[in-house]
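So that the names make sense, note that chain A is the first sequence line, chain B the second, and so on, each numbered from 1.
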There are 2 protein chains.
Amino acid sequence: MSKKSVTIKEIADIAGVSVATVSYVLNGKKKISEKTRTKVLAIVQQLNYTPNLSAQNLRTQDSKLVFALVNSINSSFNTEILAKIDQKFDSRGYQLLTLTGKIPEVIRTNIFDGGIVLNYNLSFDDLEDLARHVHKKMVILSGSTPLKSASIVSMDNESGMTLILEELYKSPHKRICFICGPSESINNQERLAISEKIFKSLFQRDDFSIHVYNGFFNSDAAYEVALKLMKSDSYDAFVCFNDSMALGVYQAAAELGLKIGEDISVTGFDNIFFSRHLTPGLTTVAIDKDSWAEAVVETYLAFNDENHEPTITKIPASLKKRKSIQLRDNT
Amino acid sequence: MSKKSVTIKEIADIAGVSVATVSYVLNGKKKISEKTRTKVLAIVQQLNYTPNLSAQNLRTQDSKLVFALVNSINSSFNTEILAKIDQKFDSRGYQLLTLTGKIPEVIRTNIFDGGIVLNYNLSFDDLEDLARHVHKKMVILSGSTPLKSASIVSMDNESGMTLILEELYKSPHKRICFICGPSESINNQERLAISEKIFKSLFQRDDFSIHVYNGFFNSDAAYEVALKLMKSDSYDAFVCFNDSMALGVYQAAAELGLKIGEDISVTGFDNIFFSRHLTPGLTTVAIDKDSWAEAVVETYLAFNDENHEPTITKIPASLKKRKSIQLRDNT
DNA sequence: TTGTGCCGACCAGGCCCCGCT
DNA sequence: AAGCGGGGCCTGGTCGGCACA
């Protein structure tokens, strides 16, 4: 299999010039006469020659490949932001390669210029470990704790969670429960911490922890949990730490004939695409994904400066009001 | 930036052995005494050495990297199957790297062992062009027309479309329209062709083409189209060529107070995750994604045999009955 | 002797310094 | 001065060979 690919040497031989000349023609770093230039290019074209990237990277110690490490490629939240980042890297001459797995071998080798990590389920320790291995440009898309050699561009969970709980406070529904994500997730940890703070101060209650249920950030688990809780009629407000889980809550409500926005209130986080397609629309926390993606790419490229030090950037969140919260007056 | 990484030569120097010895220790192709082995490994461990993949690939002319080219990473259909393929490649020692773009430069270079193409919007000509460039293992996940140097493992659109239209035939709703995808998409072409055939034979009508509307495979466009059509009350059955578009139809129906499964019928294709979370559940065409992924990986690995010839495999489709079609009697 | 254990040296493809005409 | 080429080098794999028991 895999026919041998044509090399620069073959091009040189056929064109009757040296390898050096072909190389110069291809990357235009030196003046070459128009005559040889066209001759070489014609042969390159004809033989469909492409430089061997391994050889190129090896020699130049440089690469325009950027990895994106994600916990799962099958997640709307991940792919929505990934699509934008991909696009922005592309316009700057970098190619984004998405890969999954805890810490794949391949990122420890040096075919990549650097990478970004978009991963709900990577603990701080995992990140430190990763940063030790990838001694290059690295941007993490979650968390707030500075890392030795990676920048952070993450969403502002604190303001986001505050916005949504303040909105929910306007509802007559006050028997709140929290459907949260996996404990390893940094975003989950942050959302949990700030929720507790607000719950205590705004709702003036001290029994936060007993109203927290794990939905593992996925709709099926959240569905199971919600179904049980609804049957026992313990709660009339469901604060989901992401939109996927809100979807599971919607499904449970539909099954039991509960009207969302009337009988119960439901909130999400992330504003992924289907949250506006639900009936009623899901009130959730949005973050401008375009700005986020832009910040990620800029932060990444900032490593190109000599002596650049890692930075931490927080992307502001806003409230996306729809109809899943019942409000006292219809404001 | 990017501290210089440690090389095999440094390891050799520190261990007081030759590079050859270190190399043999690392890939165990030759007997090395236990004593030197442990000594070398200790230093490798300590300096956190990882072989330079570019150098390795260059020398061995071999790679365990597989690309997955997709039109968009932000599509549930793509990511659901991708996640499974990723996993199966992983268990066979290959690393899957997902990338987007028409024909990215990087796949023409030889850092990849080969790749798969999962792309609704790549025409046959694009595929031929791609196959010319990637003269290696290649598996395409759509289409039926044999390619010179790539295998095909695609879903059986014909049987899928037949199943769903036969089911719809049991409904009293007979004013059918078809919401289809972009014309370049091979899957769209196949679904369109077979729909026309069945429409003519089963429903015995000859005016197929005037009931076809383009929804571009995305929910927003489908929503716009559906809203207009519903307002004019021209149709009571909406056959969507994928589930995303069915989502748009659901939204339009909700807005106009139309009950799906009662006032109108809606069908999908692909059975992506949220189709079972909708209310009512979406009746759609399912394909066993696990079998599909398995077939893709097996087909890919078959290229390892000498003189392997490209193959074409069709993955069977089945009907996922839910409640979005109104049936005459409640069977 | 006949291995066993190790090493020197070359090779893979392409970039680019430096020197030649 | 303008155009071109020789050859070292980036890193790691591997073959033939050599020393030593």
Side-chain angles (χ1 to χ4, degrees), chain A residues 2-41 43-44 47-65 105-106 108-113 135, chain B residues 2-41 43-44 47-65 105-106 108-113 135:
Chain A
S2 90
K3 297 157 231 159
K4 204 182 148 312
S5 42
V6 352
T7 72
I8 199 171
K9 185 164 184 327
E10 298 176 51
I11 303 290
D13 286 350
I14 298 173
V17 296
S18 75
V19 255
T21 304
V22 178
S23 177
Y24 289 131
V25 166
L26 290 174
N27 46 40
K29 298 229 173 175
K30 228 177 173 179
K31 260 249 160 339
I32 297 289
S33 71
E34 193 52 36
K35 204 170 129 228
T36 32
R37 219 182 70 87
T38 21
K39 185 168 62 179
V40 168
L41 285 180
I43 295 169
V44 163
L47 296 197
N48 194 24
Y49 166 77
T50 316
N52 181 320
L53 196 63
S54 295
Q56 231 166 15
N57 288 348
L58 180 59
R59 178 66 249 222
T60 60
Q61 300 286 78
D62 187 36
S63 154
K64 290 294 183 193
L65 269 31
E105 263 305 297
V106 65
R108 302 184 43 180
T109 70
N110 51 358
I111 64 164
F112 293 111
D113 177 59
H135 36 255
Chain B
S2 92
K3 297 157 234 162
K4 206 181 147 311
S5 43
V6 348
T7 72
I8 199 172
K9 186 165 181 326
E10 298 177 49
I11 304 290
D13 286 349
I14 298 174
V17 296
S18 75
V19 259
T21 304
V22 178
S23 177
Y24 288 131
V25 167
L26 289 173
N27 47 41
K29 299 226 172 174
K30 233 175 173 179
K31 259 260 167 327
I32 297 289
S33 72
E34 193 53 36
K35 204 171 128 229
T36 34
R37 217 182 70 86
T38 25
K39 184 168 62 181
V40 167
L41 286 180
I43 295 169
V44 163
L47 297 197
N48 195 22
Y49 166 76
T50 315
N52 181 319
L53 196 62
S54 295
Q56 231 168 15
N57 287 348
L58 177 60
R59 183 65 250 221
T60 61
Q61 303 286 73
D62 186 36
S63 155
K64 290 294 183 194
L65 269 32
E105 262 306 296
V106 64
R108 302 185 43 180
T109 70
N110 52 358
I111 64 166
F112 292 111
D113 178 58
H135 36 255

Between CG of B:Leu26 and P of D:dG13 the distance, given in whole Å, is 7 Å

Distance, rounded to the nearest Å, where A:Asp62 contributes CG and C:dC15 contributes P: 12 Å

Taking CG from A:Asp13 and C1' from C:dG14, how many angstroms apart are they, rounded to a whole number? 14 Å

Spacing of CZ belonging to B:Arg37 relative to OG1 belonging to B:Thr21, to within rounding of 0.5 Å: 13.5 Å

With rounding to the nearest 0.5 angstrom, report the CG to CG distance, A:Asn110 to A:Leu65. 11.5 Å

Give the minimum heavy-atom separation between A:Asn57 and A:Ile111, together with the two atoms involved. ND2-O, 4.0 Å

Applying a 4.0 Å non-hydrogen cut-off, can you work out what B:Asn27 is touching in the nucleic acid: base, sugar-phosphate, or nothing? sugar-phosphate

With heavy-atom distances below 4.5 Å as the criterion, would you say the side chains of A:Thr36 and A:Val25 are in contact? no

Looking at A:Glu34, is its backbone amide N or carbonyl O close enough to the side chain of A:Thr38 to form a donor-acceptor pair, meaning the two atoms are under 3.5 Å apart? yes

Side-chain N or O of A:Gln61 less than 4.0 angstrom from OP1 or OP2 on D:dC9? no

A:Gln56 side chain N/O closer than 4.0 Å to the phosphate oxygens (OP1, OP2) of C:dC15? yes

Rounded to whole Å, NZ of A:Lys9 lies from C1' of D:dG5 at a distance of 13 Å

In this structure, how many angstroms lie between the P atom of C:dC15 and the CG atom of A:Leu53, rounded? 10 Å

Side-chain N or O of A:Tyr49 closer than 4.0 Å to phosphate OP1/OP2 of C:dG13: no

What is the per-nucleotide protein-contact pattern of nucleotides 4-10 of chain C, from the 5' end, where B denotes a base atom under 4.0 Å from a protein heavy atom, S denotes such proximity for sugar-phosphate atoms only, and - denotes neither? -SBBB--

Within this structure, what is the CD1-to-P distance between A:Ile111 and D:dG12, rounded to whole angstrom? 14 Å

Going by the side chain to side chain contact (heavy atoms under 4.5 Å, CB included) test, name the single residue among B:Ile43, B:Val40, B:Leu26 that passes it with B:Tyr49. B:Leu26

So B:Thr109 and A:Asn52, do their side chains get closer than 4.5 Å, heavy atoms only? no

Take the protein atom NZ of A:Lys29 and the nucleotide atom C1' of C:dC18, then report the distance between them rounded to whole Å. 16 Å

Rounded distance in Å - CG (A:Asn57) to P (D:dG12): 14 Å

